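Quantities reported herein were computed from a predicted structural model and do not represent experimental measurements. Below, chain A is the first sequence line, B the second, and so on; all start at residue 1.
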Amino acid sequence: MAEHILQAPGADKAPDVSSASSDSSTELVNRKLVRDWLWWSIVWLTIFPLIGLLVSIKFDDPDFLGGTAWLTFGRLRPVHVNGVIFGAFSTPALGLMYYFVPRLCNRRMAMEAAGFWILAAWNVFLVAGSISLLMGYNLGFEAGEYPWPINLLRWLILVALSAQVMTTIFRRKEPGLYVALWYALAALVWTALNLILGGLVLPYMPMSGISNAALHGLYIHYVVGLWITPAGLALMYYFLPLAAKNPLFSHRLSLLGFWTLSFFYPFVGTHHYLFSPIPYHNQTISIVTSMMLIVPVWAVVTNMFGTAMGRWGAILKGKDGDNFAAKFLLLATFFYLVGCFQGSTEALRRMQELTHFTDFVISHSHFTVFATFVLAAVGSMYYVWPRVTGRQIWSPRLMSVHLWLTIVGTTIMLVGLAAQGLMQGSDLEDGANFVDTVVAMKPWWLVRTLAGATMDIGFVVMTINLVMTARKGVPFIAARDSALLVQEDVRPAADEVGWYSRPSAIFIIAGIAFFVLAVFVQGIVPSLLPQTYDPTVTSATTGQTIRVTDYTPLERKGRDIFIRDGCWYCHSQFVRPVTGEDRRWGPVAQAGEYVYDQPHMLSTRRIGPDLLREGGRYASDWHVAHHWNPRDIVPDSIMPSFPWLFKEYDGKGTPQLNDEGKAVVAYIQKLGTSIGDWRETFVSTRFGADFKLPAMTDKERADLVPLGKEVYTRRCIGCHGAKGDGNGTAARFLETKPRDFTSGIFKFRSTTGGEMSLPSDDDLYITVSHGLWGTAMPPWYELPQRERIAVIQYIKTFSKRWKTEAPGAAIVIPPEPRVTAESIARGQQQFQNVGCVVCHGDKGLGDGVTANALTNAWGQAIKPANFTLAAGTPGGVKLGHDGIHLFKTISTGIGGGPMPPFGTVISADQIWDIVHYVQSLRVNAHIENLKTAGLTEPENAANICATSISWLRGACDAVVRPVIEYCTEGGAVPPRATNYRFQLSEARASIWSSLSDAADHHQIDPRLLGIDQEHLAAGPAVGATKENSP
Amino acid sequence: MTSNETPSKSEDQSERIATEEGAATSRAKSGRGESHDPRQIYVYPTSGIAERSGAVPIWLWIVAASLSIWGLYYLVVYWNPSAAS
């Protein structure tokens, strides 16, 4: 083909391409400046990925570099992420601008000398930024963590460099504007705007947590999509044609790629928070635009591979710097194709259901940031290094080693991360225990570490090669830098310049207009919708709207420490309505819960469990043990220890939290409590009519013991101890001591035989599944049924009682009678008569006369339950206020505790009366909580137009309000009941129905649904039932 | 701080004029009314970069059109969660 015939320079028809020799054009380039930038690029390309390796090792060895706050995972991880983005990638990307911008503009870089100062300042920014993160200065935004002085420095540096680049472009002598300059120009404009978004708006402009998340989703994707991507594409577009010695395949593809990327990319960032309370339509826009990115990606890939057409053989066989540059650039192109297809499809809702929070996300980020654009920078460096040092690359063999280490390491890492992410997501969707899925990931993480080490060795090899090149490479005589081997009929590029490839159009339309449009649509408009800023939530138990309270000063301090130590890199706070998350963690997240969260803490990773509903799951002393050494209490945990949250410990006694530690625990205990007492009914304490544990023979029970031991070793041993005597490694931290199984005494039973009766398997199954509120015993409903049954069989092996005795017959529980005011009144009387008040107090607050003098069978102090407290509150009931459970407990007493059985003392009807009375204590307390939380109307769209200016109000009502009503989910905001009495009545009905079988079946006195107990006689109230309650 | 020699101003000016004249000549020769030839190569002489005018492959237009149709459908059907279910 004519295009591949070499032509002598000075051909008549064509412009003199020989003027494109390195001699004259390299004079446009300050070689020392570029060389200095690339020297530092080599440094950062080695250091920041190495920090990633250290971080990766922690997944398999959580105590690696442990014990020091500076080196904890939560502080090292942002050093790695920001370091590879702004150090390993951005340093060469910026430095190489000093090479290709002057050459493409046919003039030296404007204010060229400033480039040395900019480099110095850039290095100061990287070092100071990294140190600030290690010290714990963290703004709490992923990829936006640097504190404000560092952010400001970075912004000023980039603005200065942008001024150089833009001046050079706008005053260029080359009339044509090559595509690399489009991307470079746009990247700088976008990044200057984005850094204002991330450094100023996100942390300092007051807004709700959901608005914060919406804008943060945009910000974090702009870092990748509107800085790294265009800056990297600029390198690829410039260096691949030169390295391949071929013309760029298609100018038209360049146009398609650039303009579709510029339009679609700014909208995609919301896909980081799909299934969140961010308005649904904004999420949909992000999904559509994420998929549309396939167009620019395939345009670029076609362009790159097309450019290499006809030259593959020469490139693959070639051994000089140019050919290896082409190899790296083409490898980067391949990873761009795969990685971006992965990214686009990852934005689809079904894919996100499985992959979000998993290592699939990490696979994608490494596919794009590292495998595409860092490798593009590497390839570009191999091309430029000989030209700025005047020496050929020292060792082709080392370049080959680097290439192969990169191919092998990168492929293993990226494919492995994607596979493990899909695996974990699928397992979780199937209902696997979360910690079990973490254990399953450990071998994959080890492989990831080895793969990362391989890649890092590649950088070391590159460093050696480039250093030796500069010192000992043979002189490099630049061949004519030309992307042409043929010049038959060429034209100057100026002939092809349309308005769409002029710098002003790029600056204004792509750089500013598209960016501002996307931020407005995806960030600002959602913030105007009441659902994102209304400080109310729907109460989980009653369906009523209640206010959300702000954090206390102690909780806020704890939150600051949570951010400082990077807990949010592992622990999300975001329960999605998919893949059974609401069955695993608790009710789905509501927008109002995040109203006081700036920075938001939704997070994008779940290396540890989600914490949105953590409050009240464990007693605070569990968290103390957990933070001292997580593996004391959860042997499979990979969470690091946090000794700096404790007072200085001399090895004697039990470590004590310091003020910071107490603040963190207070914050954790607040999480998830805004939506009310959801935990009361989350795990049932009764078997439904269609549920029964499988009947088993003695042999079948014995066969389960080995499995039970396995379960016990992984889940129970930390508290209950290897010998089952309650002396596990974490026990010293726990106020309520773990049960000593060797005694064969258990609290909750439904069997006859007195207070020491052995429980049935059903009884133990309920306790294991539900957990014991207010203690360190968590619910284990996530474990497969078989494992729960097995661990029960193993627990029985600790006590001889199980060999010599059998559990008594089940007590008879007659059907619950109707819940009436009279029943409650009788119950209150019985509460007095049989002596419950002696321990539990007159009002069931656990403050009876003997309350402070009670001990259990082991001589440990024990407090009577306060029946008014919400689930999980220390001092409250341990298995809830369910009527059946209360009946059983009153009948059989508390094993090993001071509460005797009353089943033989009073009749079943009397027991039911006491049950109803105890339940009424909780119902009334719950109603008081709701009143305090202010059952209230949600703000609706009409408030948007509140103004005293009548014409403005009219216009707003006519235009703005209908738009906002349409945009809110499901159309117009539905009217809520304005009748306060009706709200409270409905709330009572819901609460009673959740606790009482009889109430749930409408067997409840309507007077009990009145507003206050004192007004029971005031006439019939609304007969709301569970079915017609919201 | 720089170590490279800077071309003199007159050399700069000559080069600029030559480039502009060359460009003008080429434009005059090529004319703006000529139909687009994908094989036409354009050069940026100083940098040595050349690019084909090229075309967007038909299959990519098909992909773009298909995605656009899908995108429109998805945007409408999944605008609200109640409409989608």
Any heavy-atom pair between the side chains of A/His251 and B/Tyr42 that's under 4.5 Å?
no
Greatest number of non-hydrogen atom pairs under 4.5 angstrom with chain B, of A/Asn303, A/Thr307, A/Val295, falls to A/Val295
Of all heavy-atom pairs linking A/Ser250 and B/Ser53, the shortest is OG-O, 3.7 Å
Pairwise side-chain contact, B/Leu60 with A/Leu256, heavy-atom cut-off 4.5 Å (strictly under)
yes
Let me confirm one number: the OH-OH distance from B/Tyr44 to A/Tyr238, rounded to the nearest 0.5 Å.
12.0 Å
State whether the number of non-hydrogen atoms from other residues, nucleotides or ligands found under 6.0 Å of B/Trp61 atom CH2 is greater than 12.
no
Please examine the side chains of A/Met292 and B/Ser68, heavy atoms only from C-beta on, and report whether any two atoms are closer than 4.5 Å.
yes
If we define contacts as heavy-atom pairs under 4.5 Å, which of A/Asn282, A/Ile287, A/Leu33, A/Thr260 has the most with chain B?
A/Ile287
Any heavy-atom pair between the side chains of A/Leu253 and B/Pro57 that's under 4.5 Å?
yes
Any non-hydrogen side-chain atom of A/Glu174 less than 4.5 Å from a side-chain atom of B/Pro45?
yes
As a test of understanding, state which of B/Trp79, B/Tyr78, B/Tyr74 forms a ring pair (Phe, Tyr, Trp, His ring centres under 6.0 Å) with A/His281.
B/Trp79
With respect to chain A, which residue among B/Val56, B/Leu72, B/Val63 yields the maximal number of heavy-atom pairs within a distance under 4.5 Å?
B/Val56
Could you tell me if the side chain of A/Thr302 sits less than 4.5 Å from the side chain of B/Trp59, heavy atoms only?
yes
Which atoms of A/Leu348 approach chain B - backbone, side chain, both or neither, heavy atom under 4.5 Å
side chain
Checking B/Ala55 against chain A: side chain, backbone, both or neither under 4.5 Å from a heavy atom?
backbone
Please flag which part of A/Ala299 lies under 4.5 Å from any non-hydrogen atom of chain B: side chain, backbone, both or neither.
both
When you measure from the side chain of A/Arg103 to the backbone of B/Ser47, do you find a donor-acceptor pair of N or O atoms at a distance under 3.5 Å?
yes
Quick one: does B/Arg52's side chain get under 4.5 Å of A/Pro247's, heavy atoms only?
yes
With a 6.0 Å cut-off (strictly less than), is the heavy-atom count around CZ of A/Phe341, excluding the residue itself, greater than 12?
no
Answer whether the closest heavy-atom distance between the side chains of B/Ile49 and A/Leu248 falls below 4.5 Å.
no
Strictly distance-based, threshold 3.5 Å: is any side-chain N or O of A/Thr284 a donor or acceptor partner for the main-chain N or O of B/Leu75?
no
